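Chain letters run A, B, ... following the sequence lines, proteins first, then strands; residues in each count from 1. For the numbers below, each heavy atom of this structure counts, side chains included, while hydrogens, waters and symmetry mates do not. All values reported here derive from a predicted model rather than from experimental measurement.
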Amino acid sequence: MSNVRVRFAPSPTGFFHIGSARTALFNWLYARHTGGTFILRIEDTDQARNSEAFLKLIYDSLTWLGMDWDEGPNPSGVGERGSYGPYRQSQRGAIYQRYKQQLLDSGRAYEKDGAVWFKLLGERYKVFDDHRKKEVEKVKTSPVVIDDQIRGRVERQEDEDFVIFRSDGNPVFHFVNVVDDIEMKVSHIIRGEDHLSNTSKHVRLYEGFGVTAPVFAHIPLILKSPEMGQGKMSKRDKGALIEEYQKRGFDPQALVNYLALLGWNPGDDREKMPIADIVKLFDLPGINQSNAKFDGKKLEHVNMLYTLQQNSTQFASGSAAYFKQQGLETVLLDQPYFNEVVLLAQPKIKAIGELPAYTSYFFRDPVIDSKVKDKVMAKGEPKVRLAELIAALPAMDFSSDTAIEAGIKSLAEGKGLGFGDYQAVARLAVSGTNAGPSITSMFRVLGKDRVLARLQKFLASA
RNA sequence: GCCCCCAUCGUCUAGCGGCUAGGACAGAUGAUUCUCAUUCAUCAAACCGCGGUUCGAUUCCGCGUGGGGGCACCA
């Protein structure tokens with residue numbers, strides 16, 4: 001195992017979204033690529049906004065996406081693993097106190113207005129800040145130089161003392177973040193670019209503790225797609241929540257694959273890649289510097305590729321799990337029938353979540369789409385064709401697709417017509433719509449009795 | 001307002017001084033198919049602007065513009 005230690009440090013204050021997942025993923029990939037350690041640390045210091053439900057969501061989402069962590073709370077939420085715990089900040093109060101005291105003792109921190117401030121070294125002067133509309137004390141300091149693995153050399157001036165413990169006694173983010181990273185021996189900090197400006201504070205804190213700062217790598221942000229508007233993607237945007245893709249029956253591997261490609265690429269034209277290949281090729285220097293806009297269409301496409309690739313056993317069991325999750329377990333009563341149905345749909349859909357709607361007429365009477373009906377009934381003599389089909393059906397061989405096809409074809413030829421003359425209206429009568437699997441396999445799976453009944457019912461009401 | 005980051009088709013991107021600027025998604029057209037979807041062809045689509053550096057800039061530098069982020073006793 002290498003010395004690389006990276007961490008993902010979410011706050012359980014909201015839904016788990018795409019941006020967080022991507023940050024987690026890059027950390028996870030780097031850990032797995034280097035044979036290092038992936039740490040999950042929960043930043044739950046914000047008592048007011050924390051919730052156990054959101055905490056569970058973090059564990060579940062990471063697990064669903066296949067990102068396992070080496071240290072941190074157990075996925076069950078009970079107990080934890082790793083020797084640098086506790087891994088929840090709410091339980092690390094004593095450590096923060098110790099580090100605060102160290103700073104106080106060394107003169108690098110002081111109390112003012114009931115809060116504890118970190119003290120910058122340098123000449124002090126006062127200036128009016130017209131953004132905050134008040135006079136502030138500034139400090140002349142040498143610029144902080146950050147040697148970022150992705151951004152290169154970044155220089156930033158840190159010129160104001162800042163609070164590390166609020167007057168309510170709670171430590172602030174910058175402080176706990178640095179302390180934990182020191183304590184947990186984090187070697188590389190891979191996080192969103194929105195933290196780049198904060199990094200100068202963090203570097204000063206490392207210096208204050210007399211510790212060498214870890215390697216920084218600030219990854220580009222995920223922005224809204226043009227249709228969604230401007231700015232970075234937030235939990236409120238459509239498609240931003242991991243949960244949504246679970247609900248839509250996406251393959252987590254597809255989501256991970258797509259996310260990996262947002263800001264990184266293997267260096268060639270490959271896009272659909274097994275996770276093992278991504279792990280092998282992933283590295284910090286390969287990460288892009290510019291922000292990427294989220295494209296739900298491309299994600300769907302990638303997911304379709306993964307859906308297509310699943311073998312029938314995988315697809316059927318994945319589908320069954322999905323129906324169960326959606327509270328539609330009644331369709332599973334006849335398992336062999338269910339399997340036949342979903343396998344018919346597999347090559348037609350982009351995500352398993354489309355199945356319930358796409359296959360509904362296999363499990364109950366079809367709902368006739370009136371628009372489609374108007375179109376179909378306007379062409380040729382559909383009612384006559386239907387009647388002919390009903391008459392011919394009882395004698396037809398339903399044992400295979402080819403047998404059914406032959407049956408309909410011979411009927412058509414007998415009347416001097418084509419297969420297509422029966423197809424549209426039969427499809428409408430049986431499924432209620434104009435899109436779906438081939439009419440022959442639809443007939444075969446439904447069975448002759450059901451098909452006949454539906455054709456008759458439709459003709460009677462047409 | 002101040003500070004930081006970024007800039008190739010609508011989108012994700014390849015390119016790391018000399019290319020007909022490549023691929024993918026989305027879009028258009030055609031073929032295939034019993035419908036739909038797939039698949040397969042074909043098409044359309046980009047180097048933000050201006051100055052430098054150089055024999056030569058998409059590529060290096062500066063400025064401008066544009067986009068993004070940060071400036072709290074939030075995380």
Side-chain angles (χ1 to χ4, degrees), chain A residues 9-14 43-46 48-50 89 112-117 129-133 146 148 150-152 154-160 162-174 176-177 192-201 218 220-221 223-227 230-232 258 261-272 288-302 304 308 345-350 354 358 372 376 404-405 408-409 412 418-428 431 433-442:
Chain A
S11 298
T13 54
E43 307 218 331
D44 56 349
T45 51
D46 188 345
R49 291 195 297 154
N50 283 332
Q89 288 184 334
K112 191 180 89 181
D113 305 332
V116 179
W117 300 67
D129 182 324
D130 44 54
H131 181 58
R132 278 178 287 176
K133 307 267 184 260
I146 302 152
D148 193 278
I150 296 165
R151 309 281 147 197
V154 178
E155 245 182 61
R156 219 184 95 86
Q157 204 79 32
E158 195 60 45
D159 60 0
E160 260 179 67
F162 54 91
V163 169
I164 53 176
F165 265 77
R166 289 192 288 268
S167 49
D168 64 5
N170 287 315
V172 307
F173 162 74
H174 304 297
V176 294
N177 205 261
E193 199 218 73
D194 47 344
H195 286 289
L196 187 54
S197 297
N198 289 331
T199 305
S200 48
K201 275 192 182 66
H218 287 92
L221 265 23
L223 270 28
K224 297 177 210 253
S225 66
E227 314 85 68
Q230 303 245 293
K232 74 169 170 174
Y258 173 73
L261 258 19
L262 237 38
W264 175 86
N265 68 78
D268 54 35
D269 287 338
R270 265 181 299 173
E271 293 200 328
K272 180 173 174 294
N288 292 119
Q289 302 182 297
S290 49
N291 294 338
K293 294 193 177 75
F294 179 80
D295 184 355
K297 284 265 175 58
K298 180 124 185 184
L299 206 202
E300 278 179 8
H301 177 258
V302 174
M304 183 191 72
L308 242 30
Q346 181 181 10
K348 306 279 191 170
I349 57 170
K350 284 193 159 69
E354 295 171 25
Y358 195 84
V372 175
V376 171
I404 296 171
E405 190 178 350
I408 298 177
K409 271 194 176 145
F419 189 99
D421 292 303
Y422 294 89
Q423 187 273 135
V425 67
R427 174 182 298 281
L428 175 66
S431 72
T433 185
N434 61 348
S438 71
I439 192 83
T440 52
S441 45
M442 192 190 292

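The CG atom of A/Asp44 sits 11 Å away from the P atom of B/A75 (whole-angstrom rounding). Rounded to a whole Å, the CG atom of A/Asp268 is 14 Å from the C1' atom of B/G15.
Checking B/U11, B/C73, B/A75 against the side-chain heavy atoms of A/Lys293 singles out B/U11 as nearest. Across B/U39, B/G68, B/U35, the shortest atom-to-atom separation from the side chain of A/Gln230 is found for B/G68.
With sequence neighbours left out, A/Phe165 forms a ring-ring contact (aromatic ring centres under 6.0 Å, His included) with A/Phe175. Residues forming a salt bridge (charged side-chain N to carboxylate O under 4.0 Å, His left out) with A/Glu405 (at least two apart in sequence, or on another chain): A/Lys409. Shown here are the salt bridge (charged side-chain N to carboxylate O under 4.0 Å, His left out) partners of A/Lys224, two or more places apart in sequence or in another chain: A/Asp237. In this view, A/His195 and A/Phe173 satisfy the ring-ring contact (aromatic ring centres under 6.0 Å, His included) rule, not counting sequence neighbours.
The base of B/C25 is not paired with the side chain of A/Lys297 by any donor and acceptor separated by under 3.5 Å.
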So which protein N/O to nucleotides 42-45 of chain B N/O distances come out below 3.5 Å?
none

Produce the list of close N/O pairs, under 3.5 Å, pairing protein atoms with atoms of nucleotides 3-8 of chain B; give distances to one decimal.
{"residue": "B/C3", "atom": "O2'", "partner": "A/Arg156", "partner atom": "NH1", "Å": "3.3"}
{"residue": "B/C5", "atom": "O2'", "partner": "A/Arg151", "partner atom": "NH1", "Å": "2.7"}
{"residue": "B/C5", "atom": "O2'", "partner": "A/Glu193", "partner atom": "OE2", "Å": "2.8"}
{"residue": "B/C6", "atom": "OP1", "partner": "A/Gln289", "partner atom": "NE2", "Å": "3.4"}

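For the atom pair NZ of A/Lys112 and OG of A/Ser167, the computed distance is 12.0 Å after rounding to the nearest 0.5 Å.
One finds a side-chain N or O of A/Arg166 lying less than 4.0 angstrom from the OP1 or OP2 phosphate oxygen of B/C74. Contact annotation: A/Asn265 side-chain N/O to B/A14 OP1/OP2 distance is under 4.0 Å. Phosphate proximity of B/A14 to A/Asn288: present, with a side-chain N or O under 4.0 Å from OP1 or OP2.
In terms of heavy-atom proximity, A/Pro220 sits nearest to A/Ser290 at CB-O, 3.2 Å.
Comparing B/C2 with B/C61, their C1' atoms are spaced 25 Å from each other, to the whole Å.
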